[in-house]
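Working notes, structure below.
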Amino acid sequence: MTFTTDCKFLENELLDVVCLFKRRPEVLTHSFTHKDGVFCNAFSVDGKDFYYEDGGQVRDELEFKRLERRFAKLRLYQILSAEYGEKMPWGALTGIRPTKLAYMEKEQGKDFTELFRQMGVREENICLVAQILQAQEGIYEKKDGNTDLFVSLPFCPTKCAYCSFITAPIEKTRHFLPAYLDCLERELQSAKESVGNLRSVYIGGGTPFALDAPDLRRVLRAVEPILKTYNANVEYTVEAGRPDVFTDEKLKLLKEFGVTRICINPQSFSDETLQKIGRKHTEKDVYNAFALSKKYDFDINVDLIAGLTDETPDVFVQSVQKAVETGADNITVHCLSLKSGAKLKEETDYLENDCISDMVSASRDILGANGYAPYYMYRQKYQVGNNENVGWTKPNKACVYNIDIMEEIADNLAVGANAVSKRVFTEKGLITRCASQKDLPTYIAHVDETIEKRRKFFL
């Protein structure tokens, strides 16, 4: 496709709209002007010309950019939708966080449903957003200084075909582990002075349970002083991960250090699917992980993915039903996404699955009927069916960390390789970021620089 625009600010935004569709123009041109309070967008799509004028009240530069983006994306979406006879579940919305947009509308005294309908969002998704906002009541808090702590353990038993993380099979990276843990301990020691009002701690991966118990103990012990200094009763999650690396010793260790939540991430309950995506565990291993975990009284989250290799709707529905039967407190339903760095992205540039929306719809029906409510949601680029990822929770079991991160309402103090810290300035409407090095050897070699950079970042 050949694409040109005279507005650099809108280039990536318009390309995101184009990428929603399997069919794409061969030649697309765009020009933008703003005169007398009117936003003017002209498009040429494979020789067909289109021109639109939209009015919008502009209070400041931020509002101008928002409307500039909104009208251009909407009009291009409408053109391509009509040309190709296809409508998307989220219409012209391409952003990661539809709920954040809904909150912004509400804060301005507006009904977010009006904007979502204007952008072509399906009614069932508007209802989903409303349910999520309701479920977040009592947890959602925009307050400068609120902080969540994230600890990165980028080690896994194997690498899945859809995974874009920096992880590699731990047998190939184990020699980095001693030095990596040294660096984590130093980072966590230095991070104590930067923590504000601590709301949650999240140790994620990778697969934290890929570590042997003595190594896992080092990580938990390094986190402990922060918990004791700020608040010993915060939500504390370890994304334990794949069922085949669960042991009673590791679970007992988590309980010893006050962990309150864990994640068991099967992605599917189909042995055939698990083999195809590069996992070594089985459905039986999932049930064994639950049996080991339940005696320690953790809140448990289960991850599932819709759209995995060759899975039919019936197989996916069975996985959702089996996840419910485990009694999990949270169930997160992801839709497969093409991610840079993943093996799957090397094999295709567009994910196609005519049944994905049926899978999503079925999961909503099953989870809703079994007492789960949607409580957080995010979207990703190049997601199969242009759908979304949704976390579902039993009453009073919502994960604070997930809400804070997805809604971007608290600072995120992140340590480890490929960790991205964020500062949220509520009053200014500003979010800033500070990233550490991605790969293990570079991170280890430059940890002193990372520590100093993050220290200044949180001043």
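Computed from a prediction, not measured in an experiment: that's the story for all the values here.
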_side chain to side chain contact (heavy atoms under 4.5 Å, CB included) evaluation trace for V129 with F116_ = CA-CA 10 Å; V129 171; F116 278 47; 3.9 Å; yes
_Intermediate values then yes/no, side chain to side chain contact (heavy atoms under 4.5 Å, CB included), S436 and T450_ = CA-CA 6 Å; S436 63; T450 298; 3.8 Å; yes
_Derivation and outcome, side chain to side chain contact (heavy atoms under 4.5 Å, CB included), residues R242 and N265_ = CA-CA 5 Å; R242 299 196 199 181; N265 299 337; 5.9 Å; no
*What's the verdict on side chain to side chain contact (heavy atoms under 4.5 Å, CB included) for R97 and M377, showing C-alpha distance, side-chain angles and the deciding distance?*
CA-CA 7 Å; R97 298 173 174 86; M377 179 257 291; over 6 Å; no
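Of the inter-residue distances, the one linking T94 atom OG1 with K73 atom NZ reads 2.5 Å to the nearest 0.5 angstrom. Atom CZ of residue R221 and atom CZ of residue F257 lie 5.5 Å apart, to the nearest 0.5 angstrom. Atoms CZ and CZ, on R174 and F155 in that order, are 9.5 Å from each other to the nearest 0.5 Å. Rounded to the nearest 0.5 Å, atoms OG (S152) and CD1 (I203) are 11.0 Å apart. From S337, atom OG reaches atom CG of N387 across 11.5 Å, with rounding to the nearest 0.5 Å. With rounding to the nearest 0.5 Å, the separation of CD1 in I170 from OG1 in T207 is 9.0 Å.
Side-chain contact check for N197 and N146: at least one donor-acceptor pair (N or O, by modelled atom type) lies under 3.5 Å. Judged purely by distance below 3.5 Å, without hydrogens or angles, the side chains of D303 and N301 pair a donor atom with an acceptor atom. For the residue pair D148 and S200, a side-chain donor N or O sits within less than 3.5 Å of a side-chain acceptor on the partner. A donor-acceptor pair shorter than 3.5 Å can be found between the side chains of N389 and Q383. A side-chain N or O of Y443 and one of E187 form a donor-acceptor pair less than 3.5 Å apart. Of the N and O atoms on the side chains of D285 and T282, at least one donor lies less than 3.5 Å from an acceptor on the other residue.
One finds no salt bridge joining E86 and K22 here, because no Lys/Arg side-chain nitrogen approaches an Asp/Glu carboxylate oxygen to under 4.0 Å. By the 4.0 Å N-to-carboxylate-O rule, R218 lies close enough to D182 to be salt-bridged with it. Look at R217 and E256 and you find a salt bridge, because one of the NZ, NE, NH1 or NH2 atoms lies within 4.0 Å of a carboxylate O, short of that distance. D248 and K295 are joined by a salt bridge, as a carboxylate oxygen and a charged side-chain nitrogen come within less than 4.0 angstrom of each other. Ion pairing of K422 with D411 is absent here, as no side-chain N (NZ or NE/NH1/NH2) approaches a carboxylate O to less than 4.0 Å. A salt bridge does not link K280 to D244: none of the charged side-chain nitrogens sits closer than 4.0 Å to a carboxylate oxygen. Ion pairing of E141 with R199 is present here, as a side-chain N (NZ or NE/NH1/NH2) and a carboxylate O approach within less than 4.0 Å. At a threshold of 4.0 Å, the pair R364-E388 counts as salt-bridged, since one of the basic side-chain nitrogens sits closer than that to a carboxylate oxygen. Between E407 and K100, none of the side-chain N atoms (NZ, or NE/NH1/NH2) sits under 4.0 Å from a carboxylate O, so this pair counts as no salt bridge.
Taking the six-membered ring where tryptophan is involved, the planes of F21 and Y77 are tilted, since the angle between them lies from 30° to 60°.
Both the sub-6.0 Å distance and the 45° axial angle are satisfied by K428 relative to the ring of F425. Judged by the 6.0 Å distance and 45° axis criteria, K106 is not positioned over the aromatic ring of F112. Geometrically, K255 engages F298 in a cation-pi contact, judged by NZ or CZ lying under 6.0 Å from the ring centre and within 45° of the ring axis. Judged by a 6.0 Å distance limit and a 45° cone about the ring axis, K252 is not positioned over the six-membered ring of Y296.
Applying the salt bridge (charged side-chain N to carboxylate O under 4.0 Å, His left out) test to residues at least two apart or on different chains, the pairs with a partner in residues 315-329 are E283-K322.
Side-chain contact check for F209 versus E239: every heavy-atom pair is 4.5 Å or farther apart. For the pair N330 and Y376, the minimum side-chain heavy-atom distance is 4.5 Å or more. Contact check for V390 versus T332: no side-chain heavy atoms found under the 4.5 Å cut-off. Contact check for T237 versus V259: no side-chain heavy atoms found under the 4.5 Å cut-off. Counting heavy atoms from C-beta on, the side chains of Y378 and P98 never come closer than 4.5 Å. Proximity of T229 to V195: side-chain heavy atoms (C-beta onward) are nowhere separated by under 4.5 Å. Side-chain contact between Q189 and P225: absent, with no pair of heavy atoms (C-beta onward) separated by less than 4.5 Å. Side-chain contact between F176 and C183 is absent, with no heavy atoms from C-beta onward closer than 4.5 Å.
More than 12 heavy atoms of other residues, nucleotides or ligands shown are found within 6.0 angstrom of CG on L115. Remark: K284 NZ is loosely packed, at most 12 non-hydrogen atoms of other residues, nucleotides or ligands lying under 6.0 Å away. With a 6.0 Å radius and a threshold of 12 heavy atoms from other residues, nucleotides or ligands, K453 has its NZ atom above the threshold. Within 6.0 Å of CD on E124 lie more than 12 heavy atoms contributed by other residues, nucleotides or ligands. For CD of E272, the number of neighbouring non-hydrogen atoms (other residues, nucleotides, ligands) closer than 6.0 Å is 12 at most.
With hydrogens and angles disregarded, no donor-acceptor distance shorter than 3.5 Å links the side chain of K142 to the backbone of E408. A donor-acceptor pair under 3.5 Å is absent between the side-chain atoms of S268 and the main chain of T273, judged by distance alone. Of the possible polar contacts, one joining the D439 side chain to the T442 backbone as a donor-acceptor pair under 3.5 Å is found. A donor-acceptor pair is defined here as one N or O able to donate and one able to accept, closer than 3.5 Å; such a pair exists between the side chain of R379 and the backbone of L93. For the pair Q437 (side chain) and A417 (backbone), a donor-acceptor distance under 3.5 Å is absent. In this structure a side-chain-to-backbone donor-acceptor pair under 3.5 Å is present from S319 to F269.
Across all non-hydrogen atoms, the minimal contact from A328 to V302 is CB-CG2, 3.7 Å. In plain terms, the two heavy atoms of W392 and G368 that are nearest each other are CZ3-N, 4.2 Å. P89 approaches N125 most closely through the heavy-atom pair O-ND2, 2.9 Å. S293 and F246 make their closest contact through OG-CE2, 3.5 Å (heavy atoms, listed as atom of the first residue, atom of the second, distance). Of all the heavy atoms in N386 and L20, the pair that sits closest is ND2-O, 2.9 Å. Scanning all heavy atoms of the two residues, the minimum distance from R279 to P266 falls at NH1-O, 3.8 Å.
Under the side chain to side chain donor-acceptor pair (under 3.5 Å) criterion, E11 pairs with K8, sequence neighbours left out. With sequence neighbours excluded, no residue forms a side chain to side chain donor-acceptor pair (under 3.5 Å) with T147.
Y202 and Y236 have their aromatic ring centers separated by at least 6.0 angstrom. The aromatic ring centres of Y140 and Y103 sit less than 6.0 Å apart.
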